[in-house]
Amino acid sequence: MSSDLSLEGLLERILRQAGDLVDAESGFLDVLDRRIGTFAAYGIDGVVDNQHPGRLLLVDLLEHPDRRVVRGAAGGTDPTAFIGVPIRIQDYLFGNLYLIGKRSGPGFTQEDEEIVLALASAAGVVIENARLYEEGRRQRMWLEAAAEITTALLSPISRPSALLLVADRARDVAAADFVALLMPRDADTFVVEAVSGAPDEGILGEPVDARHSVAGEAARSRETVVVPDTALEPRYETHKTPGWPHLGSLMVLPLRSGDDTGALVVGWSNCTDNQRRELDPVVPQRFADQAALVLQVARAQEDQARLAVFEDRDRIGRDLHDLVIQRMFGIGLLLDNTAKLVTSQVAIDRLSSAIDDIDETIKDIRRTIFALSPGTGTSDLRAEIDHTLRHASKLLGFTPDLRLTGPVDSVVTDEIREHLMAVLGEAISNIVRHADAGTVQVTLDVGRDIELTVSDDGVGFSDGQAGDGLRNIRVRAALLRGRCEVAGAPGKGTTITWTVPRSAS
């Protein structure tokens with residue numbers, strides 16, 4: 001029995017050896033510790049109800065808790081004897097071993113009973129060792145997973161990549177069917193920021209009620225919550241986003257990091273399948289604590305990288321303003337003074353045209369400087385868009401209308417965000433230079449896709465007017481597997497609709 005500490009097939013080995021020792025026709029072994037398994041049988045197909053195996057025998061044995069061996073008839077008209085023996089370690093009852101029908105005699109002897117008792121005692125030790133071995137193996141896997149996600153920080157890693165790594169490793173180690181990582185958007189709402197084991201559609205980026213859900217309880221109490229059967233937990237329903245899979249049991253681990261406490265939901269599709277799973281939350285919670293630290297460091301790395309980009313943009317903006325614009329302004333003044341010394345009208349017209357081009361170029365450079373400015377609250381996409389439009393109002397003479405729908409901040413990744421802001425800047429720049437518009441409407445809708453719409457009531461768009469700006473917008477859409485549509489007519493304004501999928505990969 002002790003030759004292999006793996007739980008796989010352990011109950012069958014114990015039962016078969018017991019039956020061989022006393023020459024039993026059939027038998028079954030019922031284990032009460034669900035972390036080991038529940039049932040093993042041989043030779044009783046069609047005799048015992050599969051839903052309630054050995055119910056009569058089990059009741060008889062439990063009615064005699066002080067007896068070492070219980071004897072009786074197997075049931076029906078067959079008077080074949082059976083013996084039932086408890087499997088114990090000290091005072092802890094693991095389960096019961098039943099043997100039915102003596103092949104070589106009318107019934108089991110006293111010697112058979114002693115043999116089965118001795119074997120049951122040894123089986124208890126083996127099962128306990130197997131359980132401890134399995135616990136140790138799982139603990140080692142959780143610790144190795146925690147070390148892996150920590151090692152990932154030795155190289156630059158984005159926060160979305162860190163979130164997905166945590167979810168994937170948790171699912172692998174827990175042998176789970178589904179893992180979701182929920183982070184707080186505000187005091188009352190979580191947002192699903194990473195998913196493993198199910199398609200992202202209808203889950204990623206969706207809100208989850210933090211007030212009445214199991215995840216909310218885990219985050220508030222900062223303690224692990226185990227739900228053995230979700231059918232008996234009404235708060236579990238508030239987790240279910242449109243694409244959330246059915247889970248029979250789950251474990252919710254709080255991600256305890258500063259004031260923002262998220263939740264790692266680890267679930268199994270069927271609670272009966274999970275009866276062999278180790279739901280001791282101590283070591284998994286250590287993994288979750290380490291994961292929270294990793295996510296915090298990844299966020300700090302992203303902030304540091306973003307700050308470096310903003311510093312470079314500020315430097316470039318200063319150089320453009322202090323050097324390029326001043327030189328071009330000086331050249332413009334020089335040409336303007338030169339035009340006063342020229343008598344040829346043709347030369348004067350050419351110099352005036354060159355001066356106008358220089359002025360337009362200076363305006364373009366200034367718009368570029370505005371676009372380079374990070375503004376305030378750059379981690380908030382809503383604030384960044386609002387900041388861009390407020391700067392644009394200085395050039396337009398009015399403030400564009402803005403409408404945002406959906407989980408804008410949580411779903412739009414850094415890669416998409418960079419392209420989106422560039423497209424918005426290019427669209428606004430086109431309106432400033434060409435549209436002569438009185439109103440501008442900007443809409444960002446984050447649903448199944450990410451859709452940015454910029455429309456104006458200006459002079460409109462006609463065939464043959466596509467310049468580098470619109471080509472750049474279309475190229476950015478193609479890079480993200482999206483599309484760009486431009487609609488308009490002379491005198492009826494222009495609408496640019498830029499659509500990309502939520503995931504750029």
Q: Inspect the surroundings of CZ in Arg220 and state if more than 12 heavy atoms from other residues, nucleotides or ligands are less than 6.0 Å away.
A: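 Above 12, so yes.
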Q.
Does atom CD (Glu418) have a neighbourhood of more than 12 heavy atoms from anything else shown, all under 6.0 Å?
A.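 Counting other residues, nucleotides and ligands, CD of Glu418 stays at 12 neighbours or fewer.
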Q | Proximity of Trp268 and Phe178 rings by center, below 6.0 Å | A | no
(Q) With side-chain hydrogen bond (donor to acceptor under 3.5 Å, both in side chains) as the criterion, how do Asp168 and Ser196 come out once you've worked through the C-alpha distance, each side chain's angles and the decisive distance to 0.1 Å? (A) CA-CA 6 Å; Asp168 285 340; Ser196 181; 2.7 Å; yes
Using side chain to side chain contact (heavy atoms under 4.5 Å, CB included) as the criterion, point out the one residue from [options] that pairs with [X].
X      : options                : answer
Phe190 : Asp209, Leu181, Leu182 : Leu182
Leu389 : Leu396, Val440, Val442 : Val442
Val324 : Arg327, Gln326, Met328 : Met328

Kindly give the heavy-atom pair with the smallest separation between [X] and [Y], and that separation in Å.
X      : Y      : answer
Pro284 : Leu253 : O-CD1, 3.7 Å
Ser455 : Thr495 : CB-OG1, 3.3 Å
Leu163 : Glu193 : CD1-OE1, 3.3 Å
Val195 : Leu164 : O-CD1, 3.6 Å
Pro254 : Ala288 : O-CB, 3.8 Å
Ala437 : Phe398 : O-CE2, 3.3 Å

Q: Would you mind reporting whether Trp498 and His419 have side-chain heavy atoms less than 4.5 Å apart?
A: yes
Supply the atom-to-atom distance [X] [atom1] to [Y] [atom2], rounded to the nearest 0.5 angstrom.
X      : Y      : atom1 : atom2 : result
Ser353 : Ile348 : OG    : CD1   : 13.5 Å
Leu479 : Ile416 : CG    : CD1   : 12.0 Å
Leu420 : Leu480 : CG    : CG    : 9.5 Å

Q. So, Thr439 and Asp457: side-chain donor and acceptor under 3.5 Å apart, yes or no?
A.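 Yes, Asp457 and Thr439 have a side-chain donor paired with an acceptor closer than 3.5 Å.
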**Q.** Arg390 side chain to Thr399 side chain, donor-acceptor N/O pair below 3.5 angstrom
**A.**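 Side-chain D/A pair, Arg390 to Thr399: absent.
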Please check this pair: side chain of [X] against backbone of [Y], looking for a donor-acceptor N/O pair closer than 3.5 Å.
X      : Y      : answer
Ser429 : Gly425 : no
Asp449 : Glu451 : no
Thr230 : Leu247 : yes

Q. With the threshold set at 4.0 Å, does a side-chain nitrogen-carboxylate oxygen contact exist between Arg169 and Asp172?
A. yes
Q) In terms of side-chain geometry, is the basic nitrogen of Glu426 or Arg433 positioned less than 4.0 Å from the acidic oxygen of its partner? A) yes
Q: Might you work through the side-chain contact (heavy atoms from CB on, under 4.5 Å) test for Val227 and Val252, ending with a clear yes or no?
A: CA-CA 8 Å; Val227 180; Val252 183; 5.7 Å; no
